[in-house]
Structure formats: structure tokens, C-alpha cells
Amino acid sequence: MLLAAGVLSALAVAALPAIASAQEYEVHCPTGVCTGSITGLASEHAIELENDAKEKVSAAEVKGNIEISKSTTTTATVSLEFREVRETISGFKFKCNTAGAESGVIKTGPLVGHFVNLTTGGTNPGILLTNINVTFTCAGGLSTKTVTGNIIGTITEPNCNKPTTTNKVTFNIKSGTPGTQEHLLYTGTAFDLISGPHANDTTTSAQTGHGNVKWNQDVELTC
């Protein structure tokens, strides 16, 4: 879902802190392998990466795939492709891309999404993407950005405890706070995005985006 850093990004299969694992929701796939397609348009919900200096990268569309590989699990594997990606800083709106992709296209490697509860003592399903690390260039290589860190989104159509073939996910920037994600804390740990010309930059960033998930069969999220 997600254009985390101009894109949501090359995510390793890294374990969450032990305290987080106990708070994850289970998702159930009746056949042991469930696949889904992801679509999202900027006309539905802005697809932008913004840092705390109000510098932005935007996309017109996101496509992708999601897979659940066990009958009962707390994670899914996601691959995304963002199209018509452009920077909005220069005024020329130069296109951006990851290495090997055509101009205006940012692709992620396999991402791992963890199904989580965003509200202590309540029911508020979300998805946590960790260990983001993606580099993209704009204007034919004149500008390079590396985005690292983590991001939390909200499952806005969860259909908890009911088999469904559709889900919706959103990522939002906190109102009035550039570069700050709507959801930052999970089980007391802060998860954030950092973006800049180098991997060791400390410029906080946030992502907006929207994903419509269409499964090939019923899946059920236990909330």
C-alpha cells in the first residue's frame, strides 16, 4: 500500500519485538495459500511521501500483490509497484524510479505486513511494515533519496471475524504535522520513516496511500 519513501519498500523478513508478537491478529486462509491483488489511485486517496520540511514525492497509482502462505498466520507477503511517481519540490515535477525500473516507476521487493491491533483495550486493526530500505532517483539521477524505517497503516474495511474477499488499507499523515505518520506507536514502541540523500539521514517522513485488496477466496481476520 504504500509508497513509503516515494515508495513502500524493500522489506526484510525481520521479527518484531517480542512484546509486539503477542499483540498481532491472526488471519486465516482455508486452503493454506491465499493470494490477492492490490489497487489504488491518487484520485481515491493521495499517494505521497512527505518529510518534515514539507518536501513531497507523489504517485498517480499503486498496484501490487499480497499472499498469505499458511492456513493460520499473523503476516502476509506484499509486492508493490508505484506508477507516475514525481517529485514536487522543483516545480518541474521530474519523474522518479528505482534502479532498473522505467522512468516514473518505483518497485518494492517482497514486503512483510504484520496484522496488528492499534488500540490498547479496543479493536482497531492495522498493518505494520518494518525494516524498510529503498533508494530511488529523480530527474534522471540528479536527485537520490533513501528511505528507511517502519510504517503503520489502518485496515479501514476489516470485516473482523467474518470471511471476506475484500479489504481496504490506508496510510495517513498526522493532520498539521508534516513528516509525521498518523500512527507511530505500537505496544509502546515508536515506528517511523526516515528519508534523505543518504541512508544515515535523520529527516522524519510520513506516507499517505490507499490500497483496495481483492482476494482470490475468503480470508478471515480474527480481531
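Please read all numbers here as calculations on a predicted model, not as lab measurements.
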Name of the residue among Thr72, Asp218, Thr73 meeting side-chain hydrogen bond (donor to acceptor under 3.5 Å, both in side chains) with His28: Thr72
Pair Asn117-Asn124, side chain to side chain contact (heavy atoms under 4.5 Å, CB included): steps then yes or no: CA-CA 5 Å; Asn117 183 11; Asn124 187 11; 4.1 Å; yes
Side-chain heavy-atom pair Lys145, Glu55 within 4.5 angstrom cut-off: yes
Non-hydrogen side-chain atoms of Thr74 and Phe115 separated by less than 4.5 Å: no
Donor on one side chain, acceptor on other, Thr146 and Thr135, under 3.5 Å: yes
Asn172 to Gln181 - nearest heavy-atom pair and separation: O-NE2, 3.1 Å
Short side-chain to backbone donor-acceptor contact, Glu87 and Phe94, under 3.5 Å: yes
Residues Glu26, Lys70; criterion salt bridge (Lys or Arg N to Asp or Glu O under 4.0 Å); working and verdict: CA-CA 11 Å; Glu26 289 184 344; Lys70 295 180 180 179; over 6 Å; no
N-O pairing of Lys107 and Glu102 below 4.0 Å: no
Approximate separation, where rounding is to 0.5 Å, of Leu184 CG and Thr204 OG1: 7.0 Å
Donor-acceptor contact present, side-chain Thr208 to main-chain Ala46, <3.5 Å: yes
Heavy-atom pair with the smallest gap, counting every atom of Leu49 and Ser205: CD1-CB, 4.0 Å
CD1-NZ distance between Ile66 and Lys214, expressed to the nearest 0.5 angstrom: 14.0 Å
Nearest heavy atoms of Asn161 and Thr222, plus distance in Å: OD1-CA, 3.3 Å
Heavy-atom pair of closest approach, residues Tyr25 and Cys223: CE2-CA, 3.5 Å
Residue pair Glu24 / Val116, side-chain heavy-atom distance below 4.5 Å: yes
4.5 Å side-chain heavy-atom contact, Asn167 and Val219: yes
Any donor-acceptor pair under 3.5 Å from Ser143 side chain to Cys138 backbone: no
Audit row: Thr154, Leu118, side chain to side chain contact (heavy atoms under 4.5 Å, CB included) steps and yes/no: CA-CA 8 Å; Thr154 304; Leu118 302 179; 3.9 Å; yes
Hphob cluster co-occupancy, Val27 + Ile38, side-chain heavy atoms under 4.5 angstrom: yes
Distance (rounded to the nearest 0.5 Å) between Thr119 OG1 and His183 NE2: 7.5 Å
Side-chain heavy atoms of Ile68 within contact of Trp215, under 4.5 Å: yes
From CG (Leu193) to CD1 (Ile151), nearest 0.5 Å: 4.5 Å
Contact summary for His210 and Asn212, nearest pair of heavy atoms: NE2-OD1, 3.0 Å
Taking every non-hydrogen atom, the tightest pair across Pro178 and Glu50: CA-OE1, 3.5 Å
Flag side-chain contact, heavy atom, 4.5 Å: Thr88 against Arg86: no
Arg83 CZ to Asn97 CG distance, which is reported to the nearest 0.5 Å: 11.5 Å
Note, Phe136 side chain near Val85 side chain (heavy atom, < 4.5 Å): no
Gap separating the CG atom of Asn159 from the OG1 atom of Thr166, nearest 0.5 angstrom: 5.5 Å
Test item: Thr170 and Glu182 side chains (from C-beta on) under 4.5 Å apart, heavy atoms: no
